[in-house]
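The block underneath contains the structure these notes are about, expressed in structure tokens.
Counting convention: from 1, in listed order, for ligands and their atoms alike. Basis for what follows: all heavy atoms, side chains included, without hydrogens, waters or symmetry-related copies.
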Amino acid sequence: MTNDTSHLSWDEWDELQSPRPDVTDFDGIVDNAMSRRGFLGRAVAFGSGAAVMGPGLLNSSAAVAQTTSRIGFTPVPIATDATIHVPDGYSWHPVAKWGQPLFSDAPELDHQTGGDLASSDRVFGENTDGMEIFSVGHRQVIAVNHEYVNPKLNLPQNDGGTPASAQDVEKLQNLQGVTVMEVAEGEDGWDIVVDSTLNRRITQNTPMELTGPAAGHALLMTKADPTGRTVLGTMNNCGAGKTPWGTYLTCEENFNGYFGSPDQSFETPPEYARYGIGLKGRYAYEKFDARFDLAKNPNEPNRFGYIVEIDPSDPTSTPVKRTALGRFKHENAAATLAPNGQVVVYMGDDERGEFMYKYVSNGVYTPGGDTSTLLDDGQLYVAKFNDDLTGSWVALTPEATGMTAAEIAIFSRQAGSKVGATTMDRPEWVAVNPVAVECYCALTNNKNRGIKTNAGGDETPVGGPNPREANKYGQIVRWRPAGDDHAATEFTWDLYVMAGNPDVHDGAKAGSENINSGNLFNSPDGMMFDSTGLLWIQTDGDYKNEGDFAGMGNNQMLAGDPVTGRIERFMTGPYGSEVTGLTWSADRRTMFVGIQHPKAPFPDGEGKLARSSIIAIKRDDNAPVG
Ligand code: FEO
Ligand code: CA
Ligand code: CA
Ligand code: CA
């Protein structure tokens with residue numbers, strides 16, 4: 001890693017290491033009339049000149065009966081400063097900051113050293129991301145992801161933050177993974193319950209089990225694990241999910257960047273390319289930890305890119321990688337139930353031109369019943385969208401793909417290509433509406449739309465739910481399963497919103513009609529419904545506040561009414577941060593929100609290291625917030 005790349009986002013870094021193949025026919029076609037033609041074509045298909053929010057297409061009858069918006073707060077303006085802003089009548093405070101002790105044997109963060117190795121798996125980890133809260137008896141437990149590291153902050157005494165020893169690498173590995181922590185509300189607000197028996201750190205070295213179709217396959221066997229059934233650690237834990245039986249699902253996203261090799265003569269297996277695995281690692285792990293040296297352990301990356309199930313009520317439990325849910329750059333896991341009790345998990349693969357998936361269990365969930373194989377025994381599907389606002393989930397079976405069940409689980413992207421899945425504009429979080437049978441997925445942006453194929457050579461034509469070439473702003477697609485059954489293979493869809501900038505552009509880049517000067521944003525990413533059916537949208541986008549992005553300010557969180565389409569800004573994050581991760585206390589009076597990788601010295605102020613943090617937001621009158 002060099003100073004030049006440490007500031008890059010994961011997808012920018014990936015693009016630098018493994019540029020996607022060009023499609024020369026489309027070379028240079030950016031921001032031109034073709035994209036407008038494509039957009040207008042869609043608008044006609046949607047009717048009424050608006051490309052989104054078709055007339056009641058997805059609204060349930062109960063929702064249609066509602067005539068007034070449920071958004072009850074006074075929206076906040078954009079911000080470009082170093083702190084957080086919430087509406088009048090609300091306040092916020094930090095709950096957990098990177099480096100904060102979970103156990104009393106760990107010291108407070110040393111801002112000179114970024115903390116020592118010995119305590120690095122005893123503190124709240126770096127880069128907070130997806131999270132869920134659980135009630136364990138009367139106790140409130142948050143399970144939360146630590147997606148990646150910011151080496152210049154975590155190893156501030158190293159040149160450029162570059163790891164210089166096995167100890168440096170181990171410290172970084174400890175700061176990632178998952179934290180499980182009890183939290184409680186006292187007179188000064190919410191805080192970590194230090195030394196709670198439920199507190200736990202899961203790192204990139206924690207032993208876990210592999211189950212499902214890929215477990216035990218030769219491609220998962222290594223020298224350290226000749227069974228192909230046990231693995232150390234989880235990595236690049238991005239979004240999350242919660243099962244109906246109260247376990248946590250953590251999703252491995254950009255796992256490729258941790259692998260490399262000092263042996264530049266090593267010929268990488270052809271399957272690596274689709275996943276962006278190459279010889280140059282992002283954190284120099286491969287120099288100090290042979291497990292990450294591809295020439296020595298070529299199968300190790302096949303053991304990452306899965307969804308991991310964790311029991312937050314049992315700190316001695318072994319996390320389980322559920323290979324039946326496929327291997328790709330998992331964003332989150334939106335789990336729900338079909339009417340007959342089958343478990344359905346919706347999932348996005350966050351890479352330009354990759355796919356959306358769902359898993360449907362063969363068995364059914366019954367409260368108190370055995371849930372141990374519900375995420376092992378089932379069918380993986382990939383989404384195909386048609387321009388006529390219909391779509392289908394295509395089963396990834398051996399018959400359809402010519403691949404074995406294990407190969408489908410390990411190389412799910414290649415399986416999706418075999419059945420002609422729709423290439424998407426980077427699917428981030430999926431959210432399932434609790435008051436209507438419908439799902440939403442944030443398609444964050446895609447500069448390659450209509451320009452380049454994905455890494456598997458699949459075309460990325462403008463159209464369907466991806467209607468803008470070189471898409472800078474992102475959109476949110478939603479779908480309703482046939483027969484109000486999440487296990488159904490057919491659905492109808494429309495776009496809930498297309499972000500854009502009507503102050504700067506006309507046409508497609510102005511966005512949809514529910515975008516206005518008062519709610520500008522780009523790159524929707526984190527997304528959750530509250531219990532009332534309001535959609536909360538978090539952004540991870542361009543915060544320069546100029547040019548195409550003028551008037552958008554720092555990353556933010558907005559609330560959207562699914563029925564009226566109204567979207568209002570609820571919160572702005574500190575400069576440079578991404579707002580990601582959202583959950584509510586059991587009494588719904590507190591909203592927990594994640595602030596990832598602030599560039600501003602948040603929240604401790606000037607002269608201190610910037611710390612990714614979870615904050616609590618409450619109403620001053622202590623009424624519920626969702
Ligand atoms: Fe880790 Fe796609 O966000
Ligand atoms: Ca994300
Ligand atoms: Ca993102
Ligand atoms: Ca991020």
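- Within the 3.5 Å criterion, the main-chain N or O of Val497 finds no donor-acceptor partner in the side chain of Ser512.
- When distances to the Ca ion (ligand 2) are checked against a cut-off of 3.0 Å, Asp540 contributes no N, O or S atom below that limit.
- Residue-level check: among N/O/S atoms of Asp525, OD2 sits closest to the Ca ion (ligand 3).
- The aromatic rings of Phe124 and His146 sit perpendicular, their planes meeting at an angle over 60°, well past the 30° parallel limit.
- When the Ca ion (ligand 2) is compared with the N/O/S atoms of Glu331, atom OE2 turns out nearest.
- Proximity of a side-chain donor or acceptor of Thr423 to a complementary backbone N or O of Glu459 within less than 3.5 Å is detected.
- Here the side chain of Asp425 pairs no donor or acceptor atom with the backbone of Pro427 at under 3.5 angstrom.
- Looking only at atom types and distance, the side chain of Ser523 has a donor-acceptor partner in the side chain of Asn445 under 3.5 Å away.
- For Glu428, the N, O or S atom with the smallest separation from the Ca ion (ligand 3) is OE2.
- Restricting Glu253 to its N/O/S atoms, the shortest distance to atom 1 (Fe) of ligand 1 is reached by OE1.
- The closest approach of Glu147 to atom 1 (Fe) of ligand 1, by N/O/S atoms, is made by OE2.
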